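In this text, all values refer to a predicted model and were calculated from it rather than measured experimentally.
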Amino acid sequence: MFYWLIELSSTFPPGLGWLRTILNVFRYITFRTGGAVVTGALFVFLFGPWIIDHLRVRQGKGQPIRADGPQSHLLTKKGTPTMGGLMILSGLVVATVLWANPLNPYVWIVLAVTLGFGFVGFYDDYLKVTKQTSSGFGGRTRLLLEGLIGLAACYALVRLGRDPSSTSLAIPFFKDVVINFGWFFVLFGAFVIVGAGNAVNLTDGLDGLAIVPVMIASASFGLIAYLAGNVVFSDYLQINYVPGTGELAVLSGAVLGAGLGFLWFNAPPASIFMGDTGSLALGGMLGSIAVAVKHEIVLAVIGGLFVLEAVSVIVQVASFKLTGKRIFKMAPIHHHFEQLGWTEPQIVIRFWIIAVMLALAGLSTLKLR
């Protein structure tokens, strides 16, 4: 919405040239990204307590705790409301609508994926709360819905690109090595989006564990989007130039701000859980931005913590089905460390440190080519 001030300023009379100069700052993506960060954070800070109280009254007993999870969670986390992702999504949408260019199609595609995955997660949370069970609706049905959203988004991104790079996979550390999938890229891109959504979902198991790595990854991809959408920077760094994706930095800033506001209430002991509403939405958002800016493999590096959590579950299930033995004491892997005696703050903070290191490693691929 603020972006329209740029167009409005062109109609000012000569005597208001000074005001036109001031409003010119709204042309800069960096300025609007900063505005989105502040707006997202303030929105969640101001409306967060009301949302938490409302959800607590509506949910009664709060989020059901897994019976097969750590036994300590049955005492420490019982009665805590879920669906905190509604706070994040509200702040994200408000900040994006206010500060992003409303004519940019990349913003709307990524926002559609985020809200679509958020709706799937919301329905899953709704079933858990109303039925007081730790399992929502069928996993296959959920994956099907996520897959359809991912396919639609990737098809739109490919049509939007209209050049060979839009269906190609760039290999980090090599400036000229790309693999062109053709239209099969739509399937690959959907896999990236769905995989990212569910990987973040699996990470969301301890207070503050998922939201900070999401913010770190979002800030990293905000920078990548800004560089990939700038013809000068992308040429200097020898990365794919994708016109228009720079505007995704504003959306990434909105996530960072809303995440900071949510962390205020999600810090141990959490007043509210993110739930599938937030984790699926934020994971889908990261996946769709990675596909849009052609940095799908870099997502696996920057989001390596999410990959580790997902792989730990896959390995645990496969091992148990094939051999009857478990590799980890409990999966996802953060529960394994709980069983080893690590305290919750130790696990969370150490995983945050890992997320920072992986983000730096991922960003290093921009220059090391």
Flag yes if more than 12 heavy atoms outside [X] fall under 6.0 Å of its [atom1] atom; otherwise flag no.
| X | atom1 | value |
| --- | --- | --- |
| F265 | CZ | yes |
| F31 | CZ | yes |
| F119 | CZ | no |

Within this structure, what is the [atom1]-[atom2] distance for the pair [X] and [Y], rounded to the nearest 0.5 Å?
| X | Y | atom1 | atom2 | result |
| --- | --- | --- | --- | --- |
| L340 | Q346 | CG | CD | 11.5 Å |
| D276 | D204 | CG | CG | 8.0 Å |
| K325 | F320 | NZ | CZ | 12.0 Å |
| L251 | W108 | CG | CH2 | 10.0 Å |
| M274 | N201 | CE | CG | 10.0 Å |
| I349 | I347 | CD1 | CD1 | 11.0 Å |

Taking side chain to side chain donor-acceptor pair (under 3.5 Å) as the definition, give me every residue that meets it alongside [X], ordered by chain and number, with sequence neighbours left out.
| X | value |
| --- | --- |
| N198 | R142, E146 |
| T167 | N180 |
| R159 | Y155 |

Check whether [X] and [Y] end up in the same hydrophobic cluster, where Ile, Leu, Val, Met, Phe, Trp and Tyr are linked by side-chain heavy atoms less than 4.5 Å apart.
| X | Y | value |
| --- | --- | --- |
| L46 | V38 | no |
| L248 | F233 | yes |
| L202 | V348 | no |
| L209 | I353 | yes |
| Y28 | W99 | yes |

- So I239 and H295, side-chain contact (heavy atoms from CB on, under 4.5 Å) or not? Walk me through it. CA-CA 9 Å; I239 60 177; H295 279 71; 4.2 Å; yes
Quick one: are [X] and [Y] in side-chain contact, heavy atoms under 4.5 Å?
| X | Y | value |
| --- | --- | --- |
| Q238 | D235 | yes |
| V255 | T114 | no |
| V200 | L280 | no |
| F181 | I179 | yes |
| Y123 | K128 | no |
| M83 | R58 | no |
| T96 | V107 | yes |
| Y226 | T30 | yes |

- Are any side-chain N or O atoms of N240 and backbone N or O atoms of V293, one a donor and one an acceptor, separated by less than 3.5 Å?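 It does not hold such a pair.
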- Hey, does the side chain of T203 reach the backbone of A199 with a donor-acceptor pair shorter than 3.5 angstrom?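 The answer is yes, because a donor-acceptor pair under 3.5 Å joins these two groups.
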- Kindly assign one of parallel, tilted or perpendicular to the pair F122 and Y126, based on the angle between their ring planes and the thresholds 30° and 60°. parallel
- Task: If the plane angle is over 60° it's perpendicular, under 30° parallel, otherwise tilted; pick one for F47 and F43.
- Result: tilted
Can you see which heavy atom on [X] is nearest to which on [Y], and at what distance?
| X | Y | result |
| --- | --- | --- |
| A249 | G222 | CB-O, 3.4 Å |
| G150 | A190 | C-CB, 3.7 Å |
| R27 | R32 | O-NH2, 3.7 Å |
| C154 | I193 | SG-CD1, 3.7 Å |
| I109 | A156 | CD1-CB, 3.8 Å |
| A292 | Y106 | CB-CD2, 4.1 Å |

For [X], what residues pass the side-chain contact (heavy atoms from CB on, under 4.5 Å) criterion, not counting sequence neighbours?
| X | result |
| --- | --- |
| V212 | M215, I216, L263, W352 |
| I149 | V113, F117, V120 |
| I297 | L169, I171, P172 |
| S252 | S218, I289 |

- Message: Do the side chains of E338 and K329 get close enough for a salt bridge, i.e. N-O under 4.0 angstrom?
- Response: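 No, this pair does not count.
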- Item | Residue pair D53, V57: steps toward the side-chain contact (heavy atoms from CB on, under 4.5 Å) verdict | CA-CA 6 Å; D53 291 341; V57 171; 5.6 Å; no
- Item | Residue pairs passing the salt bridge (charged side-chain N to carboxylate O under 4.0 Å, His left out) test where at least one lies in residues 354-364, sequence neighbours excluded | none
- Task: May I have all residue pairs that pass salt bridge (charged side-chain N to carboxylate O under 4.0 Å, His left out) and include part of residues 280-296, sequence neighbours excluded?
- Result: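 Counting only pairs at least two positions apart or across chains, the salt bridge (charged side-chain N to carboxylate O under 4.0 Å, His left out) contacts touching residues 280-296 are K294-E296.
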- Message: By the side-chain hydrogen bond (donor to acceptor under 3.5 Å, both in side chains) test, which pairs, at least two apart or in different chains, include something from residues 254-272?
- Response: none
Please list, one pair per line, the donor and acceptor atoms closer than 3.5 Å that link side chains of residues 298-317 to other protein atoms, with sequence neighbours excluded.
residue : atom : partner : partner atom : Å
E309    : OE1  : I333    : N            : 3.4
E309    : OE1  : H334    : ND1          : 3.0
E309    : OE2  : H334    : ND1          : 2.9
S312    : OG   : E309    : O            : 2.6
S312    : OG   : I333    : N            : 3.1
Q316    : OE1  : I327    : N            : 3.1
Q316    : OE1  : F328    : N            : 2.9
Q316    : NE2  : F328    : O            : 2.9

- Are F188 and F184 close enough that their ring centres sit under 6.0 Å apart? no
- Message: My understanding is that a hydrophobic cluster links ILVMFWY residues whose side chain heavy atoms are under 4.5 Å apart, including indirect links. Using that, what else belongs to the cluster containing L148?
- Response: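 ILVMFWY cluster around L148 also holds L144.
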- Which of T82, D124, D125 passes side-chain hydrogen bond (donor to acceptor under 3.5 Å, both in side chains) with T277? It is D125
